**Q** 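Just passing along the structure, written as structure tokens.
As the structure is a computational prediction, the values presented were derived from the model and not from experiment.
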Amino acid sequence: MDADDQPNAVITVEQIRMAKAALGWSNPMIAEKTGLHRNTLNRAENGDGKRSTLELLRHVFESAGLEFIPENGGGAGIRFRERKLP
């Protein structure tokens, strides 16, 4: 099993941007949800984020209904989890 197959694998800069766009979230909104400073979020989006920051972002995005797709020859990505009908 490689790092991309692990539940808490680090997310990429592109996945952060895709997640923000999919959810319609701005950095101020993410800062409020995570308690991270906007400069910390900017660093993460520029590829300079700490592993703990990336793991927290992944957790928050997953809690909002996103699923992270590992790089499998087609590039890493995101998608919304399948919604279960009652």
**Q** Quick one: closest heavy-atom pair of Met18 and Gly77, and the distance?
**A**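 For Met18 and Gly77, the tightest heavy-atom pair comes out as CE-CA, 3.8 Å.
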**Q** Measuring from Asn27:CG to Arg38:CZ, what's the distance to the nearest 0.5 Å?
**A**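 These two atoms lie 10.0 Å from each other.
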**Q** As a quick check of understanding, evaluate side-chain contact (heavy atoms from CB on, under 4.5 Å) for Leu41 and Ile16, giving each step before the final call.
**A** CA-CA 10 Å; Leu41 295 172; Ile16 293 170; over 6 Å; no
**Q** If the condition is side-chain hydrogen bond (donor to acceptor under 3.5 Å, both in side chains), which residues does Thr40 pass it with, not counting sequence neighbours?
**A**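 side-chain hydrogen bond (donor to acceptor under 3.5 Å, both in side chains) check on Thr40 returns Arg43.
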**Q** What is the minimum heavy-atom distance between Val13 and Ala44, and which atoms define it?
**A**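 Of all heavy-atom pairs spanning Val13 and Ala44, the closest is CG2-O, 3.8 Å.
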**Q** Rounded to the nearest 0.5 Å, how far apart are NZ of Lys33 and CG of Leu23?
**A** 8.5 Å
**Q** Going by side-chain contact (heavy atoms from CB on, under 4.5 Å), name the residues that satisfy it together with Ala22, two or more places apart in sequence or in a different chain.
**A** Leu66, Ile78, Phe80
**Q** Of all residues at least two apart in sequence or in a different chain, which pass the side-chain hydrogen bond (donor to acceptor under 3.5 Å, both in side chains) check with Arg17?
**A** none
**Q** For Arg79, what residues pass the side-chain contact (heavy atoms from CB on, under 4.5 Å) criterion, not counting sequence neighbours?
**A** Glu67, Ile69
**Q** To the nearest 0.5 Å, how far apart are NZ in Lys20 and CE in Met29?
**A**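 Going from NZ on Lys20 over to CE on Met29, the span is 10.5 Å.
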**Q** Atom NE2 of His59 and atom CG of Leu57: how far apart are they, to the nearest 0.5 Å?
**A**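 His59 NE2 to Leu57 CG: 11.0 Å, rounded to 0.5 Å.
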**Q** With sequence neighbours excluded, tell me which residues meet side-chain contact (heavy atoms from CB on, under 4.5 Å) with Glu32.
**A**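 Here no residue qualifies.
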**Q** Can you list everything that forms a side-chain contact (heavy atoms from CB on, under 4.5 Å) with Leu56? Sequence neighbours excluded, please.
**A** Thr34, Leu36, Val60
**Q** Flag the pair Ile30 / Phe61 as yes when at least one side-chain heavy-atom distance between them is below 4.5 Å, and no otherwise.
**A** yes
